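Please read the structure below before turning to the comments.
Not measured: the values here are computed from a predicted model.
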Amino acid sequence: MSEHYVHLPIEEKWQKIWDDAHCFEAKDDYTMPKYYALIEFPFPSGAGLHVGHPRSNTALDIISRKRRMEGYNVLFPIGYDSFGLPTENYAIRTGIHPAKVTEHNMQVFHKQLKMLGFSFDYSREIYTSDPEYYRWTQWIFLKLFEKGLAYKAELPINFCTGCKVGLANEEVVDGCCERCGSPVVRIVRSQWMLKITEYADRLIDDLDTVDFIDRVKTSQKNWIGRSTGAEVTFKIEGWPEGLRIYTTRPDTLFGATYMVIAPEHPLVEAMADRIKNIDAVRDYRAKAARKSDFERSELAKDKTGVMLEGVTAINPANGKPIPIWISDYVLMGYGTGAIMAVPAHDTRDYEFAKTMGMPIVEVVAGGDIEKEAFTDCETGVLVNSGFLNGMQVEDAKKAMIEWLEKEGIGQKKTNFKLRDWLFSRQRYWGEPIPLVYCEHCGWVPIPEDQLPLRLPDIEDFRPADDGSSALARATDWIHTTCPKCGGPAEREIDTMPNWAGSSWYYMRYCDPHNDKCLADRKKLDYWLPVDWYNGGMEHTTLHLLYSRFWHKFLYDIGVVGCPEPYMKRTSHGMILAEDGRKMSKSFGNVINPDDLVREYGADTVRAYEMFIGAFDQTIPWSTAGVKGCRRFLERVWRLQDMLNDGQGVRKEMAASVHGCIKKVGEDYERMKFNTAIAAMMSLVNDFYQNGSVTKDELRTLLILMNPVCPHITEEMNELIGFTTPIYASKWPQYDESALVKDEIEVAVQVNGKIRAKMMLPVGMEQDAVRELVLDNPEVKPWIEGKTVIKFIAIRNIVNVVVK
RNA sequence: GCGGAUGUGGUGGAACGGCAUACACAGCGGACUUAAAAUCCGCCGGCGAAAGCUUGGGGGUUCAAAUCCCCCCAUCCGCACCA
């Protein structure tokens, strides 16, 4: 009899063996086929690993371990996204330097990850707050600056009142900070911006070249928000340049009965002396400016606005004079900040026109504009529209754009929802922006050979009340000389957002210790792109988008040789607490991976997290389920006591074993880990049913299970007498012929209802099947006295249709 | 409002258009045990007297629908005046 399964010594033993053998380290052997598997590197928070990490990590650990057994040179790296606000906030509370906190937290993470037995290449561990790492983050920023893709602009920005920091568009959720939940207000501030918009088209178009799950593609597309239409200039008396608008419905130009400009539109001040009610207009603008974005959208139902009295625009299609309004439902940041209002065919314009009593003119027939705006582009036909009359909407759009271009009053135009990326943070714990400001020379980059520009050591990490960074107090650091003219200059005191370091970390993994460049080009060419990247949906329009942008930029300047960083992107579902709520300290329902590993073992935790349900689905935790997986491992463990003297795969077990090899291999690839484990459970059940198992059968099971449960399988492999460890073994091939049976059970339906089950030889002629089936005593009563009008025999189903 | 996802036994979940409920959890029974736990072996959706009905609801396509199409309902997650 074998000893009981005691996980702890087994897991420690094998983790040490793997370490000593360096068996999971990627080799720089370019003759081997490569495989690059990546999970999002964790932020080393003080709370340590949570149960979500093992879900994603185990999934790609399974793939990595399987690939190695298939003969690939696998890069499966790990690191830490170690800059960031939570660490700085902790430093503010405790006075402990963020670098120290980070160091400690990373050690905790490292230990926890090892304890779970992930086959990371720990020799390539990196962290973004390492000066040797952020040196290259800064270098990339300088390249962006050099190419004009980083610029400083005085703009209204999203400012978190809690974190006292500016936020990117992507970081604002429901008008609040995605991190701390405090309200976000608009303040005007001089900020560094990155021109991600320059890459908008390619970020959409190149999605066709990669294998991302559809959800990810769709949300990136929607976030970038490409729309096509036209820009049209309306003449305005007394303002020669006219008012330029953007519309996606140029076909409805004849129906434009007024115009609306955003409150901040320059027209207001440019024409201030002609606007009779300028005080009322300015008053409206001031009120709009005070509203937060959140309030603006909250009040979306009630349209407000003021008409500019004394100013008239001309509808270029029909020459009619139309009024101009200002209203905050038009946004300065999109298109031209001005629209033509076609109330008959736009719901917002319709509402506004109803509220303000503006005329509504139907130009697309097919709806009932008495009731609501008719916005359908499929069925409508143009009316009241001169040369467009009788056309379908799509044809009318083309015809109108043609006309506008010929007349020189407009042209085709594409617009995006995507805005440039707000890149400054008024914080200490981030990469310093490697630029100085000189009175004479303006913004000057620090010479590359002076990188990294290190963060200065300071003691007080609090941001100033005016929202500027704690770095503002590091006056010795700030005052410097201009690299260009040698005169006095000041350093930028904003730092980069935490998205900076994570935008290129997968490159550094290819060559983590290089001190000449961010990574050797040969190594990048070998390893990139990442073959499989798994991560959270919450990063779809943040990290994933940002890093695609940086990658494309680095591709353009010749640093990398492929246009996309990630070939395949998948996403895991969230794990909820047992009560169905989010795991949260405040609910007191957090499950700690450490405790689980101690009590049940890493293999059980890994198996459970893979067995819990469909990988991409949100799922509640179940302690009973964990115990079930532990029970499964014990059941596997006891197979040692059932060994017989047989060799190879016995005939009576061949179908089970080879079926399992096939199923498990396919399911791992499709991320159907739950059904892969179910298949292995079934195989184990089959062994128990049989009463014994051969060494070779057992070893096959152990290899199949190894990617999920690496420790127990290695231990058993050794215990039953094999000297080659599984990590150095080959992934098994299934024998197709073993899956082919002589006979199969066929379900016989009459008119779609099961009436009998029969064993039939495989490959029987259709006519012979028919004869046997129709003669079956269980079938006969259902067809007696009726005519068989159809007989369908497919795979293991026969359907007899009678009348 | 728009976009995405989900809806199957007491529970987590399976099911290339082809036997709905694999695999587990919970429950029940048996063996073993002085006993319990553990283990092993079985049983195990609901309604209906039955024929049957039953994958959120209603239609449709099909020899055959959880799966495909149309219309609803519910829940969750994004985005939100983007002209």
Can you name the one residue among A:D251, A:T252, A:T247 that meets side-chain hydrogen bond (donor to acceptor under 3.5 Å, both in side chains) with A:R249? A:D251
Set of salt bridge (Lys or Arg N to Asp or Glu O under 4.0 Å) partners for A:E666, sequence neighbours left out: A:K662
Ignoring hydrogens and angles, are the base of B:rC79 and the side chain of A:K417 linked by a donor-acceptor pair under 3.5 Å? no
Among residues at least two apart in sequence or on other chains, which ones pass salt bridge (Lys or Arg N to Asp or Glu O under 4.0 Å) with A:K803? none
Applying side chain to side chain donor-acceptor pair (under 3.5 Å) as the test, list every pair that has at least one member in residues 409-421 of chain A; sequence neighbours left out. A:Y151-A:D420, A:T197-A:D420
Between B:rA24 and B:rA15, how far apart are the C1' atoms? Round to whole Å, please. 16 Å
Not counting sequence neighbours, which residues clear side-chain contact (heavy atoms from CB on, under 4.5 Å) with A:Q617? List them please. A:A614
Output a table of donor-acceptor pairs, distance under 3.5 Å, between side-chain atoms of residues 626-636 of chain A and any protein atom two or more places apart or on a different chain; print 'none' if there are none.
unit_1: A:R630; atom_1: NE; unit_2: A:E634; atom_2: OE2; d: 2.8
unit_1: A:R630; atom_1: NH1; unit_2: A:H7; atom_2: ND1; d: 2.9
unit_1: A:R630; atom_1: NH1; unit_2: A:Y600; atom_2: O; d: 3.0
unit_1: A:R630; atom_1: NH2; unit_2: A:Y5; atom_2: O; d: 3.0
unit_1: A:R630; atom_1: NH2; unit_2: A:E634; atom_2: OE2; d: 3.4
unit_1: A:R635; atom_1: NE; unit_2: A:N685; atom_2: OD1; d: 3.4
unit_1: A:R635; atom_1: NH2; unit_2: A:N685; atom_2: OD1; d: 3.0

Scan A:K672 against the nucleic acid and name what it touches under 4.0 Å (heavy atoms): base, sugar-phosphate only, or nothing. sugar-phosphate
Looking at side-chain heavy atoms only, is the closest gap between A:E745 and A:N796 below 4.5 Å? no
Kindly give the atom pairs (protein nitrogen or oxygen, nucleotide nitrogen or oxygen) under 3.5 Å for nucleotides 6-12 of chain B.
unit_1: B:rG12; atom_1: O2'; unit_2: A:I612; atom_2: O; d: 2.8

For a quick check of understanding: with a heavy-atom distance under 4.0 Å over all strands, which category does A:S622 fall into, base, sugar-phosphate or nothing? nothing
What's the separation between atom CZ in A:R638 and atom OH in A:Y688, rounded to the nearest 0.5 Å? 4.5 Å
Can you work out whether A:A678 or A:G752 has the more 5'-proximal nearest nucleotide on RNA chain B? A:A678
Taking only residues two or more places apart in sequence or in another chain, which ones pass salt bridge (Lys or Arg N to Asp or Glu O under 4.0 Å) with A:D211? none
Using the six-membered ring of A:Y329, assess whether NZ or CZ of A:K303 lies under 6.0 Å from its centre and within 45 degrees of the ring axis. yes
Heavy atoms, side chains only, cut-off 4.5 Å: are A:F254 and A:L382 in contact? no
Consider the side chain of A:I339, meaning its heavy atoms from C-beta on, and name the nucleotide among B:rG3, B:rA5, B:rA83 that approaches it most closely. B:rA83
Restricting to ring-ring contact (aromatic ring centres under 6.0 Å, His included), what partner residues turn up for A:F673, sequence neighbours left out? A:F615
Any stems for RNA chain B, made of 3 or more Watson-Crick or G-U pairs in a row, each with both distances under 3.5 Å? B:1-7 with B:73-79, B:10-12 with B:23-25, B:27-31 with B:39-43, B:45-47 with B:52-54, B:56-60 with B:68-72
Look at the side chain of A:T218 and decide which nucleotide, out of B:rG4, B:rA15, B:rC19, has an atom nearest to it. B:rG4
Those residues of residues 796-803 of chain A lying under 4.0 Å from RNA chain B by at least one heavy atom: A:N796, A:I797, A:N799, A:V801
Closest to the side chain of A:A624, out of B:rG18, B:rC25, B:rA14, is B:rC25
Mark up nucleotides 39-49 of chain B, 5' to 3', with B wherever a protein heavy atom is under 4.0 angstrom from a base atom, S wherever such an atom reaches only the sugar-phosphate, and - elsewhere. SSSS-------
Pairwise C1' distance for B:rA22 and B:rC68, with rounding to whole Å: 24 Å
Quick note, side chain to side chain donor-acceptor pair (under 3.5 Å) partners involving residues 668-678 of chain A, not counting sequence neighbours, are A:K66-A:E669, A:R67-A:E669, A:D667-A:R670, A:D667-A:T675
Nucleotide nearest A:S682 when distance is taken to its side chain, options B:rC23, B:rC19, B:rA83: B:rC23
Any base atoms under 4.0 Å from A:S219, or only sugar-phosphate, or nothing? Heavy atoms, all strands. nothing
For A:K627, report the nucleic acid contact type (base, sugar-phosphate, nothing); a contact means any heavy atom under 4.0 Å. nothing
